[in-house]
Amino acid sequence: MMPRNEIQCAEDACRIRDRMGRIRNQMDREVQGIKKGAGNLLSIHHQVRSHPWMGIGAAALIGFFIVPARKKRQEIQLDEQTVQKLIERGDIRVEAHRKQKKSWVRSATTLATNAALRAALAYAGQQFGKVSSVMAADNRPSANEVEVN
């Protein structure tokens with residue numbers, strides 16, 4: 001027969017082993033949760049799905065910095081003699097530039113053309129819808145063709 005202290009020590013050891021097993025299992029679950037959380041923090045797809053407006057803002061900010069700025073025109077004032085010397089040396093070239101006049105006829109033509117294109121596209125969409133619905137109805141089996149198992 002075992003002495004009382006040895007029995008109690010064996011029971012204590014069993015309790016400690018059981019408790020350590022539970023703690024190991026709990027730690028495994030917590031480590032898995034931490035891994036998953038870290039993976040989500042580093043995943044761009046998860047972040048964009050969770051915070052779409054921040055994703056849009058970040059994309060706009062990146063686009064702002066990536067797209068180069070327009071070069072500003074530099075205007076200089078030259079007198080006639082300097083311009084004449086530059087022309088003679090061939091450093092500058094002078095061309096006549098005509099601006100197209102905006103007329104009400106041109107504006108009306110553009111308006112009418114756009115309206116006609118929109119009407120044509122709307123009509124084509126309606127016709128496509130009609131044709132596709134007829135084709136879908138033709139492909140559906142009729143009540144007589146349906147087999148009942």
Side-chain angles (χ1 to χ4, degrees), residues 1-78 82 86 89-95 97-149:
M1 183 180 221
M2 290 175 104
R4 174 102 173 114
N5 283 344
E6 287 181 23
I7 294 173
Q8 190 170 1
C9 285
E11 289 175 358
D12 288 344
C14 285
R15 268 191 258 122
I16 290 172
R17 256 184 269 138
D18 289 343
R19 186 157 186 238
M20 286 183 71
R22 285 192 304 261
I23 290 172
R24 271 192 224 104
N25 288 337
Q26 185 179 0
M27 284 177 60
D28 286 342
R29 280 180 277 163
E30 287 178 2
V31 167
Q32 293 300 324
I34 290 170
K35 281 183 183 179
K36 186 176 180 181
N40 287 342
L41 280 175
L42 298 175
S43 170
I44 293 175
H45 299 291
H46 175 76
Q47 293 299 327
V48 171
R49 268 188 243 116
S50 299
H51 312 287
W53 287 107
M54 286 180 68
I56 291 170
L61 189 66
I62 290 169
F64 177 77
F65 285 114
I66 288 176
V67 175
R70 272 193 199 163
K71 293 182 180 177
K72 293 183 178 178
R73 274 188 163 172
Q74 189 177 23
E75 291 188 21
I76 53 174
Q77 299 292 328
L78 300 174
T82 309
L86 289 172
R89 285 193 329 199
D91 289 339
I92 62 171
R93 192 175 67 185
V94 178
E95 294 179 1
H97 180 70
R98 280 206 252 155
K99 283 189 176 180
Q100 287 185 340
K101 294 181 181 178
K102 292 185 178 179
S103 68
W104 67 271
V105 174
R106 183 179 207 130
S107 298
T109 304
T110 304
L111 180 69
T113 304
N114 286 338
L117 281 172
R118 285 182 184 209
L121 284 172
Y123 179 75
Q126 288 174 351
Q127 295 306 313
F128 179 75
K130 287 179 185 177
V131 168
S132 63
S133 65
V134 168
M135 289 177 66
D138 289 344
N139 289 336
R140 271 191 232 129
S142 65
N144 297 336
E145 296 173 353
V146 175
E147 292 181 18
V148 178
N149 291 331

I23 side, atom CD1; R19 side, atom CZ - distance, nearest 0.5 Å: 4.5 Å

Under 3.5 Å donor-acceptor, S50 side chain and H46 backbone: yes

Spatial distance of atom CD1 (I66) from atom CG (L61) [nearest 0.5 Å]: 10.0 Å

CZ-CG distance between R118 and L121, expressed to the nearest 0.5 angstrom: 9.5 Å

Electrostatic pair R15-D12, nearest N-O below 4.0 angstrom: yes

Distance in Å, T82 OG1 paired with Q77 CD, rounded so as to fall on 0.5 Å steps: 11.5 Å

Other residues, nucleotides, ligands: >12 heavy atoms within 6.0 Å of L41 CG: yes

Nearest-0.5 Å distance, OG1 of residue T109 to CG of residue N114: 11.0 Å

